[in-house]
Novice: 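Quick one: the structure is below, and I'll ask about it shortly.
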Amino acid sequence: EGEQAISRAIQQGAGCLCFIDVDNMKKINDTLGHLAGDHLLQAVGDVLKGYEDANILCRLGGDEFLMFIPNADRKRAAETVQDLLLAFQKRQEKDPALQIASLSVGMCMCRRHDHYASVLAKADKALYHVKQSGKSDYYIYQRKSERLRDDTNVDMSRLVQSLRNSGNYQGALDVEYRTFTKLYEYMRNMEKRYGYEFNLALITLEARSDVTVDEQERAMNCMEQAIRSTIRSTDICSRYSGVQFLVIFIYIGEENIKLVMNRIVESYLKLYHDGHIEATYEIADMQINQDAAAGKAKT
């Protein structure tokens, strides 16, 4: 019924469809129990009720909700969602049981007579980008990609320090990244005991012009293929954000790592022909007793 109301509203006028997802729901259910999960969903519902007078809201099921903001331009839609995220954060401050939860929102601007299914699919893709890039944020479908780079820009020395501090970074692809940090700790132990050497590479995709979420994801898939077809089975790869990958190289040697990275870039360019999104990388020496010394290269 709620989806039908939103579909009718889109046929009647322009606006913004917001796809809202509760972050870490499974973790809360698994660690704190389903009563805690139910409490969280009730809290989210209470927050959303504060926005139902001017907007159309419904629950898709599980931990997913929709909100349609009628007659909104990008600025007003963004302000509404920012206010929503802030309202949930204020609710968290009063309720310790909500501390590890957050909200991610994918948004799609739509025009009168747009197809509901198409608008929902684009909002879902925008939500996917938020999930890939750290959660607890919002993203409007087809927003300029330059902001993606600004939002995910990372200093290599701080990244190395974060890994050394047992992977406290709460960022993209939560499960995979946390697995990556465990593997990193394993490599640290191997280095301490047996003198194994390893290096960390951070690969970032940067758009030369405005691109859609679909184009950004296509480039990321091409880069993932390029990485996996180039590195050895002993190396470790993880997606770090919506535009970045991390790779740990084991016993590769300083003289070889740049050759491998250049091969990855060359393979990426063969797979991704459009040239709108270029690849850059940084390399850090991960020896325990040395500071990270980053080197950069660019296509």
Side-chain angles (χ1 to χ4, degrees), residues 1-25 28 37-95 97-144 147-148 151 210 212-213 242:
E1 184 177 346
E3 287 187 88
Q4 293 176 355
I6 291 175
S7 180
R8 289 193 296 269
I10 293 175
Q11 294 305 303
Q12 295 169 5
C16 179
L17 181 64
C18 304
F19 197 150
I20 304 165
D21 184 81
V22 182
D23 301 322
N24 304 322
M25 186 69 186
I28 290 172
D38 292 342
H39 174 70
L40 169 59
L41 291 176
Q42 181 62 53
V44 173
D46 290 344
V47 171
L48 289 174
K49 284 180 182 178
Y51 298 84
E52 64 183 358
D53 289 342
N55 309 300
I56 303 174
L57 291 120
C58 73
R59 182 179 175 186
L60 279 180
D63 55 358
E64 297 177 336
F65 300 82
L66 289 180
M67 178 172 70
F68 181 70
I69 310 173
N71 304 314
D73 57 15
R74 282 176 176 262
K75 184 175 183 295
R76 187 163 76 83
E79 288 174 348
T80 300
V81 172
Q82 289 169 1
D83 187 73
L84 170 65
L85 295 177
L86 181 61
F88 182 72
Q89 291 172 7
K90 289 181 178 179
R91 178 67 179 257
Q92 282 181 301
E93 293 172 0
K94 300 176 181 179
D95 191 339
L98 308 178
Q99 292 307 305
I100 65 172
S102 60
L103 299 181
S104 293
V105 186
M107 305 164 64
C108 179
M109 305 303 301
C110 56
R111 297 170 296 182
R112 184 182 180 187
H113 297 317
D114 277 350
H115 293 290
Y116 165 73
S118 176
V119 176
L120 179 62
K122 291 175 181 177
D124 188 27
K125 289 177 181 177
L127 175 62
Y128 176 78
H129 174 77
V130 177
K131 292 288 192 177
Q132 296 281 302
S133 303
K135 302 179 182 179
S136 188
D137 202 354
Y138 70 94
Y139 182 79
I140 302 177
Y141 183 81
Q142 289 186 340
R143 179 181 294 173
K144 292 181 179 181
R147 181 173 182 263
L148 301 185
D151 285 352
D210 298 354
T212 64
V213 174

Novice: Supply the atom-to-atom distance Q99 CD to I28 CD1, rounded to the nearest 0.5 angstrom.
Specialist: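 It is 10.0 Å, given to the nearest 0.5 Å.
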Novice: For M25 and G37, which heavy atoms make the closest approach, and how far apart are they?
Specialist: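 What the structure gives for the nearest pair is CE-O, 3.3 Å.
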Novice: Hey, can you pull the donor-acceptor pairs under 3.5 Å for the side chains in residues 48-69, sequence neighbours left out?
Specialist:
unit_1 : atom_1 : unit_2 : atom_2 : d
Y51    : OH     : D83    : O      : 3.1
Y51    : OH     : D83    : OD2    : 2.5
Y51    : OH     : L84    : N      : 3.3
N55    : ND2    : Y51    : O      : 2.8
R59    : NE     : G62    : O      : 3.1
R59    : NH2    : G62    : O      : 2.8

Novice: Let me have the donor-acceptor pairs involving side chains of residues 3-13, under 3.5 Å, with sequence neighbours excluded, atom names and distances please.
Specialist:
unit_1 : atom_1 : unit_2 : atom_2 : d
E3     : OE1    : Y116   : OH     : 2.5
Q11    : OE1    : H113   : ND1    : 3.4
Q11    : NE2    : D114   : O      : 2.8

Novice: Between S104 and S136, which heavy-atom pair has the shortest distance, and what is it?
Specialist: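 The pair with the smallest heavy-atom distance is OG-N, 3.1 Å.
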Novice: Restricting to salt bridge (Lys or Arg N to Asp or Glu O under 4.0 Å), what partner residues turn up for D23, sequence neighbours left out?
Specialist: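 For D23, the residues satisfying salt bridge (Lys or Arg N to Asp or Glu O under 4.0 Å) (neighbours in sequence not counted) are K131.
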Novice: Using the side chain to side chain contact (heavy atoms under 4.5 Å, CB included) criterion, which residues pair with V105? Sequence neighbours excluded.
Specialist: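 For V105, the residues satisfying side chain to side chain contact (heavy atoms under 4.5 Å, CB included) (neighbours in sequence not counted) are C18, I20, V81, L85, M107, Y138.
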Novice: Rounded at 0.5 Å granularity, tell me how far CD in Q89 sits from CD in Q92.
Specialist: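 Reported value, rounded in 0.5 Å steps: 6.5 Å.
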Novice: Which residues pass the side chain to side chain donor-acceptor pair (under 3.5 Å) test with K75, not counting sequence neighbours?
Specialist: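 Once residues adjacent in sequence are excluded, the partners of K75 under the side chain to side chain donor-acceptor pair (under 3.5 Å) criterion are E79.
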Novice: If the condition is side chain to side chain donor-acceptor pair (under 3.5 Å), which residues does D95 pass it with, not counting sequence neighbours?
Specialist: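 Scan of D95 (side chain to side chain donor-acceptor pair (under 3.5 Å), adjacent residues dropped) gives H39.
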Novice: Checking Q42 now: which residues fulfil side chain to side chain donor-acceptor pair (under 3.5 Å) with it, not counting sequence neighbours?
Specialist: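 By the side chain to side chain donor-acceptor pair (under 3.5 Å) rule, Q42 matches D46.
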Novice: Decide side-chain contact (heavy atoms from CB on, under 4.5 Å) for K135 and N24; before the verdict, give the C-alpha distance in whole Å, the side-chain angles of both, and the deciding distance to 0.1 Å.
Specialist: CA-CA 10 Å; K135 302 179 182 179; N24 304 322; 3.3 Å; yes
Novice: Once rounded to the nearest 0.5 Å, what's the spacing between atom CZ of F88 and atom CG of L103?
Specialist: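 The CZ atom of F88 sits 4.5 Å away from the CG atom of L103.
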Novice: Can you give me the closest heavy-atom contact between M109 and A77, atom names plus distance?
Specialist: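 Closest approach of M109 to A77: SD-CB, 4.2 Å.
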